[in-house]
Number of protein chains: 2
Amino acid sequence: MYYDSNMENKEIEIMENKEIEIIVIEDEPDILELLEYHLVKKGYSVTGFLSTDNVEQFLEEENPALMIVDRNLPGVEGSDFVAQMRNLGYDIPVMFLTARDKESDLEEGFNSGGDDYMTKPFSSKELLLRIEALLRRSGVTSNDKMKYRDLILDIKKRELSIENQSIELTNLEFRLLHTFVKNPHQALDRDYLRDEVWGDDSASFHDKTINVAMNRLKKKIDPSAEKEYFAPVWGVGYKLI
Amino acid sequence: MYYDSNMENKEIEIMENKEIEIIVIEDEPDILELLEYHLVKKGYSVTGFLSTDNVEQFLEEENPALMIVDRNLPGVEGSDFVAQMRNLGYDIPVMFLTARDKESDLEEGFNSGGDDYMTKPFSSKELLLRIEALLRRSGVTSNDKMKYRDLILDIKKRELSIENQSIELTNLEFRLLHTFVKNPHQALDRDYLRDEVWGDDSASFHDKTINVAMNRLKKKIDPSAEKEYFAPVWGVGYKLI
DNA sequence: ACAAATGATAACAATTCTATAACATAGAGG
DNA sequence: CCTCTATGTTATAGAATTGTTATCATTTGT
């Protein structure tokens with residue numbers, strides 16, 4: 001077997017995809033199955049529907065990240081359904097699938113509030129790429145996340161999570177940790193930390209302020225002190241191991 | 001102090017009608033001209049480039065809403081250029097155009113941070129539809145309805161309803177809530193809110209103004225404080241949970 | 001081993017920030 | 001001109017965060 005230091009990163013990647021939920025509405029079971037296969041393989045969590053029944057309820061209860069919709073469904077037109085959902089205020093990204101590719105169909109699809117459009121037969125590779133792009137643009141895959149070991153910092157949300165557990169940090173603690181994650185493995189000296197985290201305006205600044213802040217941070221992210229995120233660098237400062 | 005509440009409305013109106021700026025980077029003058037023709041006809045304001053030179057400067061100065069990029073440009077690969085821009089922090093939506101349609105090219109395009117991809121020869125109708133969809137999704141063209149949890153905002157009517165109950169909001173409160181619904185889960189800091197909701201013209205601005213405005217908003221949409229729409233982010237601002 | 005310097009930790013104090021109510025003011029509309 | 005409404009301003013209480021100090025533990029140099 002083949003392990004390397006990327007292993008952890010891969011795990012994190014998978015964990016993140018696990019949370020992304022995708023709805024597929026497709027009346028042909030074969031195609032539905034094919035779609036599910038590719039999406040699940042990619043790490044998404046998929047819920048399939050053979051018609052638009054119950055989809056709204058699902059939208060209300062869960063909070064899926066994306067909807068793949070066939071155009072000609074039993075009973076309802078896919079684009080009509082999407083227009084209906086949009087009208088109710090659902091802003092979920094929509095990828096249309098269709099056998100038809102007349103321009104008028106295309107127009108209907110986009111005007112109903114669809115985000116992208118693919119015609120069957122489709123390349124699964126392209127579908128996955130387009131889905132990824134859509135998720136990126138709609139903010140589901142926040143590109144503003146920083147990872148280090150099992151720490152995941154979401155800068156925009158100002159949240160730290162470790163192993164899918166959200167951990168509350170104060171503003172100072174967050175800035176401090178952020179500084180370290182930006183400079184992993186490096187010994188950051190006290191002057192640097194002071195500038196970076198406390199800012200220039202810190203006129204009187206006690207020796208021990210940083211120690212205490214580090215202590216509080218360590219205790220929060222690793223109460224049992226078994227993970228050794230930080231190491232003191234004697235006479236200098238600290239480093240994120 | 002001079003304050004005119006009509007003024008704000010006018011500004012908003014203007015902002016909404018403000019011309020949407022699109023950049024086109026395409027080295028073949030004929031195609032560039034054709035693209036410009038269609039886009040201008042549609043009402044966009046277009047700036048064309050025959051190479052990637054000066055584009056970054058333009059991005060810096062203006063704030064275009066979308067970039068259409070040819071894949072094979074003189075000197076630089078289109079996708080490399082986009083990756084470069086993304087790396088510099090530009091999040092502008094990108095539509096790739098290309099003569100090639102190998103899967104590997106497609107992959108490069110999307111992985112560089114592109115949002116959509118069309119192969120030449122393209123239908124101008126489809127291009128315009130896709131651009132519209134992209135602008136909608138990236139928040140340039142605001143949707144007429146937005147939903148978040150049980151909040152439904154009708155942007156045009158400036159109405160909020162919760163569980164089919166209409167709730168009266170003042171202008172300020174609506175703008176404030178709208179800002180949060182556009183950025184759910186994100187910690188919005190006071191500077192951002194000030195810019196976004198109060199505008200640049202707010203010269204003197206008290207610390208507590210935002211607190212009070214938030215307090216009033218919270219009380220209106222959730223008088224019994226049981227739904228916890230908002231959470232304060234200490235030392236930063238607020239977030240819509 | 002011992003002293004000096006530095007870090008860790010806990011307890012306490014000071015400060016900063018938020019919530020909230022009350023008051024002030026300027027426009028809108030009658 | 002008057003009243004009402006929206007919004008800004010101020011005051012205060014209370015909560016959360018951050019700083020300070022004291023004491024103990026660890027490292028380093030001799």
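These numbers come from a predicted model, not from an experiment. Convention: sequence-line order gives letters A, B, ...; per-chain numbering from 1.
If you measure from atom CZ of B:Arg194 to atom P of D:dG8, you get 11 Å, rounded to the nearest angstrom. Rounded to whole Å, the distance from CG on B:Asp191 to P on C:dC17 is 13 Å. Between B:Asn171 atom CG and C:dA28 atom P there is a gap of 12 Å when expressed in whole angstrom units. For B:Ile210 and C:dT18, the CD1 to P distance is 10 Å, given to the nearest whole Å. Rounding to whole angstrom units, NZ of residue A:Lys220 and C1' of C:dT9 are separated by 16 Å. Rounded to whole Å, the distance from CG on B:Leu169 to C1' on D:dT5 is 15 Å. Between the CZ atom of A:Arg216 and the C1' atom of D:dA16 there is a distance of 11 Å, rounded to whole Å. Residue A:Arg158 contributes atom CZ, which lies 13 Å from atom P of D:dT17 at whole-angstrom precision.
B:Gln57 places no side-chain N or O within donor-acceptor distance of the main-chain N or O of B:Asn54, the cut-off being under 3.5 Å. Looking only at distances, no side-chain donor or acceptor of A:Arg158 sits under 3.5 Å from a matching main-chain atom of B:Ala187. Formation of a donor-acceptor pair under 3.5 Å by the B:Lys147 side chain with backbone atoms of A:Tyr90 is not found in this model. Here the side chain of B:Glu62 pairs no donor or acceptor atom with the backbone of B:Pro64 at under 3.5 angstrom.
A:Asp207 comes within 4.0 angstrom of nothing in the nucleic acid, heavy atoms only.
A:Trp198 has a side-chain polar atom (N or O) that falls below the 4.0 Å cut-off from OP1 or OP2 of D:dG19. One finds no side-chain N or O of A:Asn215 lying less than 4.0 angstrom from the OP1 or OP2 phosphate oxygen of C:dA8.
Side chain of A:Tyr238, nearest nucleotide from C:dG7, C:dA19, C:dT9: C:dG7. When distances are taken from the side chain of B:Lys218 to each of C:dA19, D:dG19, C:dA22, the shortest belongs to C:dA19. Considering only side-chain atoms of A:Thr170, the nucleotide from C:dA19, D:dT7, D:dT18 that sits closest is D:dT18.
You'll find the ring centres of B:Phe58 and B:Phe49 inside the 6.0 Å limit. Centroid-to-centroid, the aromatic rings of B:His38 and B:Tyr44 stay 6.0 Å apart or farther.
Counting atom types as modelled, A:Arg190 pairs no side-chain N or O with a base atom of C:dG7 as donor and acceptor under 3.5 Å.
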Subject >> Contact pattern, 5' to 3', of nucleotides 21-29 of chain D - B, S or - by protein heavy atom under 4.0 Å >> reply: B----BB--
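Note that CD1 of A:Ile22 is 10.5 Å distant from NZ of A:Lys42, once rounded to the nearest 0.5 Å.
Each of B:Asn211 and A:Lys219 lies near DNA chain C, and the nucleotide nearest A:Lys219 is the one positioned closer to the 5' end.
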